[in-house]
Amino acid sequence: MKYLALLLSFILCACAEKPQPHPSFGEFRAVEHDYETKSVSYLDQNWDNTQRKRFWYTSQGSRFVPYMWYAYLEQADSQAWFNEPEHIESMRYIPMSRSPENRGALPLGFAVTIDKQTQDAWMGFTCAACHTAKVEFEGRPYLVEGGPTMGNWHLFFSELIGALEVTYRSGKEDGAKFARFANNLYGPEKNTESMRSELLRDMKNVIDYLNRHERINQVGSTPGEDHYGFGRIDAFGIIQNAASVLALDDEGNINEPNAPVSYPFLWGAHQSNVVQWNGALPNDVFLGPLARNSGEVIGVLGRLAIEENPWWWSWVPGQKLKYQGSIDFANLGDIEVLLRDLRSPSWPGEIDHALAERGREIYFDQEIGCVRCHQYVPRENEGELYKANLIPAAIVGTDPLMTEQANSHMARSGILEGQRVAILKGPKFAEIEPAIKFSFNGTFGLMLKEPVTVVKAGLKSGQKSSSNLEPLISEPTNDDQAELTLERAFNDYIQATSTLQAEGPVYKARPLTGIWATAPYLHNGSVPNLHALLQHPDDRPSRFWVGSRKIDTVNVGLVSHEGLEQFQVRDENNRIIPGNSNAGHDMASGLTEEQKLALLEFLKTL
């Protein structure tokens, strides 16, 4: 029956018109503008220039807007380029100059995705956009590979949509802004009325999609309100909505993504048995790293659609549904290989070793020290696998919203009702299910469209010493062999996820390597620096500035007396803003000030 389905697919494709590249960006040429960015220094993190540039610019399948549109898009209120460095910096993403790997002078982590069918070029995020930090230490700028961005996701999309809408309206009114845009895209010779009409139609489709994405992920009752701010996002909520709302085309499934978290740092992520702030996803099963990264792509506008096949497919077993998407599994495998080699950054300044030694004693004290929850990983052992400590949210006492909502958001199954969550075997979807299951199903459905590629990527990127890999270690030579591997892998992933979710609301206590470079602190970024984190929660600042890139060398964090906006724990009525609590994690609050300073000095050495 499988071969019959393939034959039907071949006949249908042969009858269809072959997709043609879109004329506005099918020609992959470099943009005409170029900028030099301020030089930065790099810390020794076990990467060379080739590895870091691969991480910065390897596409994972994210698609925001057509690449050439972005290249020639002006800001909404001026003729300045949208991609101008000062504009990118104001949103706290990292501008970069033109290079052989980045012909369009895109910001760091903004990558070009080529549509596999149409060969159209799109611009979207790769991992580096959200997981690379730029910091300033004693006046010198550094890039921290795998560090948390200070980027403002909501501000970027508001600015992008606003610029597109103003340009589109200009086109409807024969305005100068659209005329410049079209002329830059097509050139004087090809800038015809029919091309401009086609461009306007395409712009409306893209604007409508982006606006829909923003609308379903709106937080609160005020449209356009920025609930996240700089350096935070509710990634779980957005991924869930991408699968249960956009992929299934059901806006009745919207769950408000109102539990923002800081972007986690990536060194050590590959080596951990679980990932995410709440430790809810397995990383030590065959598809762990690939499934984790695939979900991330869906969250940053990698396309995913789950639809019913035409009626003539209904009698072919396993062909009721079709999955369409843009995830690049081969590239995700390559990106994970890079992350496997990434190490934490070393403190770039001088260390008071005598003070740090006293701090070491405090760290390892079994009654008051950090090691009770945060295991110690020496720098030479950072490449080894480890089992993370999962601490009940009620014990750690920090804001519980993220871990409570991650698995409690529910959605209607729609056309997936009665279908298997893991596609090939195992339990089936009931009418109402946890929203996170739909992202699993969508990812698995896309994996089955290219099973050999996925299994090869999984073998490349998996944890090599994991016992879960041994029965699957042979590389497949055809789709049938690969599907047998994926059948086992899907089931293993679902079972492992169910076991983790049964733990209840927990947070992951990670090793503290490189912790100095990951401010603000706690999972929701509610504490500005490590010194404040060592205080009793009542003594921590309830508001502070975020957006600065300057390292606070005394308190260990980012400077918080200046920045781009204020983080607020409480609202104007002195009530804690849901998701913003800075409570909990008060295990070190009983230390003396001298002990705290010693502990801070030791944490700089990790």
Side-chain angles (χ1 to χ4, degrees), residues 51 54-55 58-62 116 126-127 239 243 266 268-276 280-299 302 304 323 325-342 383-387 420-426 436-437 439-500:
Q51 288 170 300
R54 285 177 181 167
F55 182 64
T58 297
S59 168
Q60 54 184 4
S62 170
K116 294 178 181 179
T126 188
C127 304
I239 291 169
L266 295 187
H270 176 87
Q271 288 77 18
S272 177
N273 66 313
V274 296
V275 290
Q276 303 299 346
L281 299 182
N283 202 46
D284 58 353
V285 294
F286 177 64
L287 284 182
L290 203 60
R292 173 234 306 166
N293 290 326
S294 297
E296 181 262 332
V297 179
I298 295 171
L304 171 65
Y323 294 79
S326 61
I327 298 175
D328 193 318
F329 295 107
N331 280 358
L332 289 184
D334 292 337
I335 291 172
E336 188 66 24
V337 170
L338 294 172
L339 293 179
R340 185 165 62 215
D341 292 337
L342 182 66
E384 297 179 5
L385 305 184
Y386 73 93
K387 185 174 181 180
R420 298 189 186 278
V421 176
I423 309 288
L424 299 173
K425 65 184 298 185
I436 194 64
K437 286 188 178 181
S439 64
F440 297 157
N441 177 269
T443 297
F444 296 160
L446 294 180
M447 288 180 175
L448 284 172
K449 292 171 68 72
E450 42 185 321
V452 172
T453 297
V454 170
V455 173
K456 288 182 178 180
L459 288 169
K460 179 190 296 184
S461 64
Q463 295 184 349
K464 293 303 181 184
S465 63
S466 170
S467 61
N468 291 283
L469 278 176
E470 293 177 4
L472 310 166
I473 202 65
S474 60
E475 188 168 294
T477 59
N478 57 57
D479 285 354
D480 287 338
Q481 291 178 356
E483 283 190 13
L484 288 174
T485 297
L486 290 181
E487 179 178 344
R488 160 81 180 277
F490 292 167
N491 189 60
D492 285 352
Y493 189 82
I494 292 294
Q495 287 187 352
T497 302
S498 299
T499 299
L500 288 172

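This is a predicted model, so every value here is computed, not measured.
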Heavy-atom check, side chain of F55 versus side chain of L342, under 4.5 Å: no
Heavy atoms only: give me the nearest L486-M447 pair and the separation to one decimal. CD1-O, 4.1 Å
Tell me every residue that passes side chain to side chain contact (heavy atoms under 4.5 Å, CB included) with N283, counting only those two or more places apart in sequence or in another chain. V275, P289, R292, Q463
Does atom CZ of R420 have more than 12 heavy-atom neighbours from other groups under 6.0 Å away? yes
Hey, could you give me the NZ/NZ distance between K456 and K460, rounded to the nearest 0.5 Å? 9.5 Å
Measuring from I335:CD1 to L290:CG, what's the distance to the nearest 0.5 Å? 10.5 Å
Drop me the distance from I327's CD1 to N293's CG, to the nearest 0.5 angstrom. 10.0 Å
Who pairs with S272 by side-chain hydrogen bond (donor to acceptor under 3.5 Å, both in side chains), at least two apart in sequence or on another chain? K508
N478 side chain reached by V452 side chain, heavy atoms, under 4.5 Å: no
Who are the side-chain hydrogen bond (donor to acceptor under 3.5 Å, both in side chains) partners of Q481, not counting sequence neighbours? T477
Do the non-hydrogen side-chain atoms of L287 and V454 ever get within less than 4.5 Å of each other? yes
Could you pull out all residues at least two apart from A496 that satisfy side chain to side chain contact (heavy atoms under 4.5 Å, CB included)? P282, V285
Could you tell me whether the side chain of N273 reaches within less than 4.5 Å of the side chain of L385, counting heavy atoms only? no
Taking all non-hydrogen atoms of both residues into account, name the closest pair between T443 and S294 and its distance. CG2-CB, 3.5 Å
Which residues share a ring-ring contact (aromatic ring centres under 6.0 Å, His included) with Y493, sequence neighbours left out: F440
Please report the interatomic distance CD(E483) to CZ(F490), rounded to the nearest 0.5 Å. 8.5 Å
By side chain to side chain contact (heavy atoms under 4.5 Å, CB included) - contacts of A243 (at least two apart): L304, F438, S439
Which residues share a side-chain hydrogen bond (donor to acceptor under 3.5 Å, both in side chains) with Q60, sequence neighbours left out: E296
Minimal non-hydrogen separation, S62 against V297, with atom names: N-CG1, 4.1 Å
Please report the shortest heavy-atom distance between A489 and F286, naming the atom on each side. CB-CD2, 3.6 Å
Straight-line distance of D492 CG to T497 OG1, nearest 0.5 Å: 10.5 Å
Is the backbone N or O of Y323 less than 3.5 Å from a side-chain atom of K449, with the two atoms forming a donor-acceptor pair by type? yes
Take R54 and D334 through the side-chain contact (heavy atoms from CB on, under 4.5 Å) test and state the conclusion after the steps. CA-CA 9 Å; R54 285 177 181 167; D334 292 337; over 6 Å; no
To the nearest 0.5 Å, what is the distance between CD (Q276) and CG (L281)? 5.0 Å
Suppose we screen for side-chain hydrogen bond (donor to acceptor under 3.5 Å, both in side chains). Which residues come up paired with S59, at least two apart in sequence or across chains? T113
Only counting residues at least two apart or in another chain, list the ones meeting side chain to side chain contact (heavy atoms under 4.5 Å, CB included) with E487. L424, K425, L484
Contact check, side chains of Q51 and D341, non-hydrogen atoms, under 4.5 Å: yes
Run the salt bridge (Lys or Arg N to Asp or Glu O under 4.0 Å) test against E450 and tell me which residues pass, sequence neighbours left out. K116
Are L332 and S461 close enough that some pair of their side-chain heavy atoms sits under 4.5 Å apart? no
